[in-house]
Amino acid sequence: MKRKFFLTILFTLFFALDAFAQTEVSVYPQPDSPLQILNVVPSSRKSTDDTGREWNMLTVDFTLQNVGDKTIRAYTIREFSREFDTDLGGVIFSYKLSAEGILKPNQSSNQQIGEFGSTQVQENFRLAVDFIEFTDGSTWGKDLSNSAQQLAGLKTGIKMVLESLKESNQQGGIEAVIKTLNEMKELSPPDEQSATWKRGFRSGSNTMKSIIKRAYETAGKKGAEIEFQKYSDAYSDK
């Protein structure tokens, strides 16, 4: 199974189910963070897998609030059990491809980490902000999860897909773009890049292809044209 403020004090929540009765979920104090973790609400349940083994499942819902003066485009939230600097744990990495969904000052967003699965009592853990990228390109955080590398790969993957479709669009419009997409093989990231960078590249390229295809399927040629042009404009100089 996978395992997946403006507050100045550490707060703790306890779980009701017996399997999690001794478990503490807390928010790591980061008073200087432009992104604060609030309203942590855990929920737990029992689950049985295909072999009949019973697992203790845990999901944690929480709110993220931008308390800074810059707009946030990307962030990584990390859970860890021991030391912030050494225990990487599970992560949520979020990046907004376009202006929709970016977190402006004073705005908030609901998020979730889970599910955690264990046959034993869940270990105590904390939630912390590990990385932030603002829309002006500046960043904040220790980035122990190497999110900046992943983000660089993701942006390159997006741009490579759009660049590959540019000629098709000029020659035959959006129908030629869709035809090229349907025939396009998976793009290969540069060999010299790290595994994290490559993971971001594949995610970016595949997501970009899916966005245009889905727009065509749901809104026809006009919808696909709008999406293709929107992202082409957004990534033309990034």
Side-chain angles (χ1 to χ4, degrees), residues 5-10 27-40 62-80 83-113 126-163 187 189-190 192-208 211 227 229-238:
F5 105 150
F6 186 94
L7 296 180
T8 59
I9 62 173
L10 184 70
V27 175
Y28 184 68
Q30 296 173 291
D32 60 331
S33 173
L35 187 62
Q36 296 294 320
I37 304 172
L38 308 167
N39 305 326
V40 178
F62 56 93
T63 300
L64 295 175
Q65 184 173 8
N66 183 353
V67 298
D69 57 3
K70 292 183 178 182
T71 299
I72 295 173
R73 181 180 294 280
Y75 58 80
T76 298
I77 307 300
R78 186 160 56 87
E79 62 92 3
F80 61 100
E83 298 296 327
F84 178 74
D85 290 341
T86 58
D87 183 12
L88 293 184
V91 300
I92 287 180
F93 170 75
S94 177
Y95 175 71
K96 305 305 179 184
L97 274 67
S98 64
E100 294 91 343
I102 57 178
L103 207 56
K104 297 179 181 179
N106 298 317
Q107 286 187 335
S108 60
S109 172
N110 295 324
Q111 293 293 333
Q112 182 182 91
I113 279 187
R126 295 177 173 184
L127 300 178
V129 180
D130 188 48
F131 172 80
I132 297 171
E133 184 191 69
F134 304 98
T135 51
D136 64 3
S138 62
T139 61
W140 182 95
K142 290 190 175 184
D143 192 19
L144 299 174
S145 53
N146 295 321
S147 295
Q149 285 188 36
Q150 184 173 349
L151 195 53
L154 184 147
K155 292 176 181 178
T156 302
I158 291 171
K159 289 193 289 186
M160 282 192 65
V161 168
L162 294 171
E163 188 63 29
L187 301 179
E192 68 273 12
Q193 296 292 347
S194 69
T196 300
W197 194 99
K198 292 177 181 178
R199 183 169 64 248
F201 178 91
R202 294 188 178 96
S203 175
S205 59
N206 290 332
T207 299
M208 192 70 263
I211 287 173
E227 290 297 282
Q229 193 59 52
K230 177 175 70 175
Y231 288 102
S232 295
D233 292 344
Y235 288 90
S236 61
D237 57 351
K238 290 180 174 59

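Count residues from 1 along the sequence. Reckoned from all heavy atoms, side chains included, excluding hydrogens, waters and symmetry mates.
- Side chain of T207 to main chain of S203: a donor-acceptor pair is present (N/O by atom type, distance under 3.5 Å, no hydrogens or angles).
- No hydrogens or angles considered: a donor-acceptor pair under 3.5 Å links the side chains of S109 and Q111.
- Distance check, rounded to the nearest 0.5 Å: CH2 of W140 to CZ of F131 gives 11.0 Å.
- A distance of 8.5 Å separates CG in L162 from OH in Y235, rounded to the nearest 0.5 Å.
- Taking CG of L64 as the start and CD of Q107 as the end, the distance is 12.5 Å to the nearest 0.5 Å.
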Could you walk me through whether D233 and Q229 satisfy the side chain to side chain donor-acceptor pair (under 3.5 Å) test, starting with their C-alpha distance in whole Å, then the side-chain angles of each, then the deciding distance to 0.1 Å, before giving a yes or no?
CA-CA 6 Å; D233 292 344; Q229 193 59 52; 2.8 Å; yes

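- K198 and P190 get closest at one heavy-atom pair: CE-O, 3.2 Å.
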(request) Please lay out, stage by stage, how S145 and S147 fare under the test side chain to side chain donor-acceptor pair (under 3.5 Å). (result) CA-CA 6 Å; S145 53; S147 295; 3.1 Å; yes

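- Side chain of D130 to main chain of R78: no donor-acceptor pair is present (N/O by atom type, distance under 3.5 Å, no hydrogens or angles).
- Every salt bridge (Lys or Arg N to Asp or Glu O under 4.0 Å) that K70 has, sequence neighbours left out, goes to D136.
- Although no hydrogens or angles enter the test, the distance criterion places a donor-acceptor pair under 3.5 Å between the side chain of R73 and the main chain of K96.
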Apply side-chain contact (heavy atoms from CB on, under 4.5 Å) to I158 and Y231, showing your working.
CA-CA 9 Å; I158 291 171; Y231 288 102; 5.5 Å; no

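- Taking CG of L154 as the reference point, atom CE of M208 lies at 10.5 Å (rounded to 0.5 Å).
- Rounded to the nearest 0.5 Å, atoms CZ (F62) and CD (Q112) are 8.5 Å apart.
- Between F84 and Y28, the ring planes lie parallel to each other; the angle is under 30°, not in the 30° to 60° tilted range.
- Of the possible polar contacts, one joining the Q30 side chain to the V129 backbone as a donor-acceptor pair under 3.5 Å is found.
- The structure places CG of N66 at 3.5 Å from CD1 of I72, a figure rounded to the nearest 0.5 Å.
- D85 pairs by the side-chain hydrogen bond (donor to acceptor under 3.5 Å, both in side chains) definition with K142, not counting sequence neighbours.
- S108 and T63 make their closest contact through CB-CG2, 3.8 Å (heavy atoms, listed as atom of the first residue, atom of the second, distance).
- Using bins of under 30°, 30° to 60° and over 60° for the plane-to-plane angle, the ring pair F201/W197 lands in the parallel bin.
- Here the closest heavy-atom approach between residue V67 and residue L35 is recorded as CG2-N, 4.5 Å.
- Listed here is the closest heavy atom pair of P105 and G68: CB-O, 3.3 Å.
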Exercise. Could you walk me through whether F93 and R199 pass side-chain contact (heavy atoms from CB on, under 4.5 Å), step by step?
Key: CA-CA 12 Å; F93 170 75; R199 183 169 64 248; over 6 Å; no

